[in-house]
Amino acid sequence: MTRNTTDSRTRKTAVRLATFATAGVVGTALVALAPTASASPAPAAAPASASAYTCHYSWQGSYLYAGYSSTNTTNTKYGQTGNRVIEVQCLMTYWANRVGDSKFDPKGVDGEFGANTKAAVINAQKVCFSDSSEWDGEVGPNTWPCLRVW
């Protein structure tokens with residue numbers, strides 16, 4: 001009887017360990033999946049992500065491009081949306097990270113030229129231009145080259 005009791009305890013312990021190990025593996029797998037699950041698209045009612053676009057930086061000659069627009073002249077300003085705005089936001093994000101100063105950060109890449117993007121552009125213009133009349137927050141023929149090489 002002692003042998004059966006010992007065998008029974010050993011089996012119960014083995015079953016508990018197997019259950020615990022399985023739970024640990026499943027738990028680890030669920031934790032590993034959690035970041036993927038949280039990256040899924042938000043419900044339609046939720047606001048868009050602040051960084052809805054990925055910047056693909058490349059240097060062409062002495063100019064930096066982010067993959068959304070190659071213009072160096074077209075005016076891009078507050079209230080506009082689209083690829084040129086994404087390009088501006090990517091360039092500003094690049095420089096904010098490069099110089100380590102959040103005043104150049106547009107606070108996301110969403111394709112909407114809002115207050116944060118305008119403030120970031122003005123701060124860049126203050127570095128690029130000594131004439132305060134150039135600090136208008138618009139990206140045009142003078143500011144594009146500044147953002148692309150600064």
Side-chain angles (χ1 to χ4, degrees), residues 11-150:
R11 275 188 235 126
K12 285 180 183 177
T13 302
V15 168
R16 285 184 191 140
L17 287 174
T19 302
F20 181 74
T22 302
V25 169
V26 170
T28 302
L30 291 175
V31 168
L33 291 175
T36 304
S38 67
S40 63
S49 169
S51 293
Y53 298 92
T54 302
C55 305
H56 305 282
Y57 300 106
S58 66
W59 287 93
Q60 296 175 20
S62 60
Y63 283 159
L64 178 66
Y65 292 90
Y68 290 94
S69 177
S70 60
T71 189
N72 285 316
T73 57
T74 308
N75 281 2
T76 306
K77 59 186 177 179
Y78 184 84
Q80 292 183 323
T81 61
N83 284 346
R84 287 192 324 266
V85 176
I86 298 167
E87 186 78 8
V88 169
Q89 290 172 329
C90 285
L91 293 171
M92 295 310 309
T93 300
Y94 178 87
W95 292 114
N97 291 332
R98 179 136 194 257
V99 300
D101 194 335
S102 63
K103 71 181 177 187
F104 304 112
D105 186 358
K107 310 293 188 266
V109 180
D110 62 4
E112 298 178 17
F113 202 124
N116 291 328
T117 301
K118 183 175 181 177
V121 169
I122 289 171
N123 285 321
Q125 289 172 327
K126 288 178 180 180
V127 172
C128 293
F129 310 115
S130 58
D131 182 359
S132 62
S133 69
E134 296 276 354
W135 307 343
D136 59 5
E138 295 184 14
V139 182
N142 292 336
T143 302
W144 278 112
C146 166
L147 297 184
R148 294 201 187 280
V149 300
W150 172 55

Inset, instruction - Just grab all the disulfide bond (SG atoms under 2.5 Å apart) pairs involving residues 56-116, residues at least two apart or on different chains. - result: Cys55-Cys90
Inset, instruction - Can you run down the disulfide bond (SG atoms under 2.5 Å apart) pairs that involve residues 92-129, sequence neighbours left out, and say none if there aren't any? - result: Cys128-Cys146
Legend entry - With Asp136 via side-chain hydrogen bond (donor to acceptor under 3.5 Å, both in side chains) - residues at least two apart: Gln125
Pair up each side-chain donor or acceptor in residues 115-124 with any protein partner under 3.5 Å, not counting sequence neighbours, and list the distances.
{"residue": "Thr117", "atom": "OG1", "partner": "Gln89", "partner atom": "NE2", "Å": "3.0"}
{"residue": "Asn123", "atom": "ND2", "partner": "Lys103", "partner atom": "O", "Å": "2.9"}
{"residue": "Asn123", "atom": "ND2", "partner": "Ala119", "partner atom": "O", "Å": "3.1"}

Scan the side chains in residues 77-86 for donor-acceptor partners under 3.5 Å anywhere in the protein, sequence neighbours excluded, and list what turns up.
{"residue": "Gln80", "atom": "OE1", "partner": "Lys77", "partner atom": "N", "Å": "2.8"}
{"residue": "Arg84", "atom": "NE", "partner": "Thr76", "partner atom": "OG1", "Å": "2.9"}
{"residue": "Arg84", "atom": "NH2", "partner": "Asn75", "partner atom": "O", "Å": "3.3"}

Inset, instruction - Measure from the side-chain N and O atoms of Trp95 to the backbone N and O of Leu147, and report whether any donor-acceptor pair falls under 3.5 Å. - result: yes
Legend entry - Set of ring pair (Phe, Tyr, Trp, His ring centres under 6.0 Å) partners for Tyr57, sequence neighbours left out: Tyr94
Legend entry - For Ser133, all residues meeting side-chain hydrogen bond (donor to acceptor under 3.5 Å, both in side chains), sequence neighbours excluded: Asp131
Legend entry - Residue pairs involving residues 104-137 (criterion ring-ring contact (aromatic ring centres under 6.0 Å, His included); sequence neighbours excluded): Phe104-Trp150
Inset, instruction - Would you list the pairs meeting salt bridge (charged side-chain N to carboxylate O under 4.0 Å, His left out) in which at least one residue belongs to residues 140-150, sequence neighbours left out? - result: Glu87-Arg148
Legend entry - Residue pair Ser102 / Lys107: nearest heavy atoms and the distance that separates them: O-NZ, 3.4 Å
Legend entry - Results of side-chain contact (heavy atoms from CB on, under 4.5 Å) for Ser58 - residues two or more places apart only: Gln60, Tyr65
Legend entry - With Ser70 via side-chain hydrogen bond (donor to acceptor under 3.5 Å, both in side chains) - residues at least two apart: none
